[in-house]
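I have placed the structure first, in the form of structure tokens, so that the comments after it can refer back to it.
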Amino acid sequence: MEYDFPSILRRFALEGEPRKVEPFGSGHIHETFAVTNTAPGGEVRYILQRINKNIFPEPEPLQENIQRVTAHLERKLRDRGIPDYRNRVLRLFPSLDGKTYHVDETGHFWRVYNMIEGGRTYDRLENLEQAFQAAKAFGLFQADLQDLPAPPLHEILPRFHDGPWRHQQFKAALESDPLNRAAKAREEIAFLEENAGIFQVLPRLQAEGKIPVRVTHNDTKINNVVLSDATGEALAVIDLDTVMPGLSLFDFGDIVRTTVSNSDEDEMDLEKVRVDLDRFSAVLRGFLEGAGSFLNETERSHLVFSGKVITLTIGTRFLTDYLAGDVYFHVHRPDHNLHRARTQFKLVQSIMENEEAMNRLVEEV
Ligand code: GN1
Ligand code: MG
């Protein structure tokens, strides 16, 4: 897609003049670009995003959430005396009409963030230290938002991690099977139907008042944290569209999903998709270092379970989107969403096989 970047960028109050705009990152939802501006003091880089309005039709509540969350985080970092605190958090740049976004002639909306400098994201982690640091960053992120002042954040994507609801959506897609794809996904469909009982557990505990709703990130895939090139520590947690009220466990679960196997989300060689206990131990220790102080007993005892249920949930969403015709997640090859679902389900299987050993690790920390 071709965009008139200069005219879009002119709508925002930025330093200098645009020199270069390039596609950036590996997100499945928005279109993301790195912008390099030439300014009197040197080059300044920004992140420009065109929001996927099929998924986020309303800019106001979305941007309001992000503005509140980032301002809160920035204040905390500053009060802790962190010298480069402005590079440790995403900051929204205002548009010329004083909003945190700009709507173009086609009705799409755009936003601009600072580029987190001196680090990068990883779709697949390279070592245990990275796993520890990334998980710790997500734990601290939750900790820092525990005292976000009222009112509650908008529920931007209602029922986002609601497993029973995701299962219903899957059944509806299977029922209509508009592209006759179900035949190709028979094994995955069978796996899901066999294991759908898993979805009932957390909603029940929540209804019984055993698991509280907190402010959570809700998309803690490992490439949503920027790690420093120099020190390896986390610089900032990014991708804040789904920060809203949620269960802490879902955040830990998605960390588990995207770290414990040394393989990609769409890995074709299923042999490679399996739990590495050292990786699990690293993310467990990291997350608890950040969030350990406020998790209750029920949350602690479901940490391993959360990895299983969120992996099943995201796998269900990939499978549903495959059946529906790839209408939600960007795809880059034929049957991509089916491959993603298959990989998730293989990982669920591996978590089940390692569940006892993983739970022992939880008891040990
Ligand atoms: C999407 O935006 P991105 O690519 O970080 C999705 C997550 C899924 C993830 C799977 C708003 O995350 O829920 O877990 O893909 N985000 C949204 O890779 O649906
Ligand atoms: Mg992302």
Side-chain angles (χ1 to χ4, degrees), residues 23-33 47 49-59 61-63 65-66 69 90 109 111 113 116 120-125 134 137-138 141 153-163 165-166 169-170 216-226 236-247 249-261 263-267 273 306-322 324 326-333 336-348:
F24 191 78
S26 56
H28 295 337
I29 308 288
H30 305 308
E31 287 177 66
T32 304
F33 305 91
I47 288 290
Q49 284 189 307
R50 180 184 191 259
I51 306 308
N52 183 330
K53 72 170 182 177
N54 294 331
I55 299 174
F56 298 97
E58 301 252 19
L62 172 70
Q63 294 295 98
N65 273 5
I66 296 177
V69 164
L90 289 178
F109 73 98
R111 71 180 167 211
Y113 285 121
I116 305 293
R120 50 165 289 207
T121 61
Y122 296 80
D123 290 338
R124 199 208 297 187
L125 296 182
F138 283 125
F141 182 87
L153 294 172
H154 302 288
E155 209 182 333
I156 296 297
L157 298 176
R159 315 184 82 171
F160 193 56
H161 290 313
D162 180 336
W165 181 64
R166 295 293 186 185
Q169 290 186 310
F170 154 77
T216 56
H217 184 282
N218 293 302
D219 189 3
T220 54
K221 155 154 109 171
I222 216 59
N223 67 11
N224 283 334
V225 55
V226 181
V237 165
I238 60 171
D239 202 341
L240 308 175
D241 298 315
T242 52
V243 181
M244 56 185 169
L247 303 188
L249 284 174
F250 289 136
D251 280 4
F252 183 67
D254 211 33
I255 298 171
V256 170
R257 177 181 77 88
T258 55
T259 55
V260 296
S261 173
S263 53
D264 291 322
E265 187 176 61
D266 54 2
E267 176 63 59
V273 183
S306 76
K308 184 167 71 173
V309 72
I310 207 80
T311 307
L312 188 68
T313 308
I314 310 285
T316 301
R317 290 173 59 199
F318 286 143
L319 184 58
T320 305
D321 200 35
Y322 174 69
D326 309 317
V327 293
Y328 189 97
F329 296 105
H330 292 168
V331 288
H332 309 294
R333 59 182 197 230
H336 204 168
N337 274 316
L338 177 61
H339 300 155
R340 288 169 174 153
R342 192 172 284 162
T343 305
Q344 304 315 299
F345 291 169
K346 173 67 205 303
L347 185 58
V348 171

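This structure is a prediction, so every number in the text was calculated from the model and none was measured. Ligands are counted one by one from 1 in listed order, and the atoms in each one are counted from 1 as well.
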query = Purely on distance, is any nitrogen or oxygen of His28 under 3.5 Å from one on ligand 1?
reply = yes

CZ on Phe24 to CD on Gln49, rounded to 0.5 Å = 10.0 Å

query = What's the spacing between Tyr322 OH and Phe170 CZ if we round to 0.5 Å?
reply = 12.5 Å

ask   = Would you say Asp239 has any N or O atom under 3.5 Å from an N or O of ligand 1, going by distance alone?
value = yes

request  = For ligand 1, indicate whether the residue Asn218 contacts it via side chain, backbone, both or neither (heavy-atom separation under 4.0 Å).
outcome  = neither

task = Just jot down the ligand 1 atoms closer than 4.0 angstrom to any heavy atom of Gly27, in number order.
result = 4 (O)

ask   = Between Arg333 and Asp266, is the closest basic N to carboxylate O distance under 4.0 Å?
value = yes

inquiry  = So, taking the atom named CZ in Phe252 and the one named NE2 in His217, what distance separates them when rounded to the nearest 0.5 Å?
reply    = 16.0 Å

message = List ligand 1 atoms under 4.0 Å from Lys221, heavy atoms only on the residue side.
response = 3 (P), 4 (O), 5 (O), 9 (C), 10 (C), 12 (O), 15 (O), 18 (O)

task = Mark the output for Asp241 as yes if a heavy-atom distance to ligand 1 is under 4.0 Å, and as no if none is.
result = no

remark   = Within 4.0 Å of some non-hydrogen atom of Phe318, the atoms of ligand 1 are 10 (C), 18 (O)

request  = Any chance you could measure Ile55, atom CD1, to Lys53, atom NZ, to the nearest 0.5 Å?
outcome  = 13.0 Å

ask   = Below 3.5 angstrom, do we get any N/O pair linking Asp254 and ligand 1?
value = no

ask   = To the nearest 0.5 Å, how far apart are CG in Leu312 and CG in Leu319?
value = 10.0 Å

query = Mind checking whether Phe329 and His28 have parallel, tilted or perpendicular rings, split at 30° and 60°?
reply = perpendicular

request  = For Ile314, counting its heavy atoms only, list the atoms of ligand 1 lying under 4.0 Å from any of them.
outcome  = 14 (O)

query = Relative to the ring of His332, is the ring of His330 parallel (under 30°), tilted (30 to 60°) or perpendicular (over 60°)?
reply = perpendicular

key: Reference residue Asn224; test side-chain hydrogen bond (donor to acceptor under 3.5 Å, both in side chains); the match among Thr242, Asp239, Asp254, Thr258   = Asp239

Ligand-side contact atoms (ligand 1) for residue partner Tyr328, heavy atom cut-off under 4.0 Å = 11 (C), 17 (C), 19 (O)

inquiry  = Does ligand 1 come near enough to Arg317 that some N or O of the ligand is less than 3.5 Å from an N or O of the residue?
reply    = yes

query = So between Thr32, Asp266, Ile238, Asp219, whose heavy atom ends up nearest atom 7 (C) of ligand 1?
reply = Asp219

Numbered atoms and elements of ligand 1 in range of Arg257, under 4.0 angstrom, heavy atoms = 10 (C), 14 (O), 18 (O)

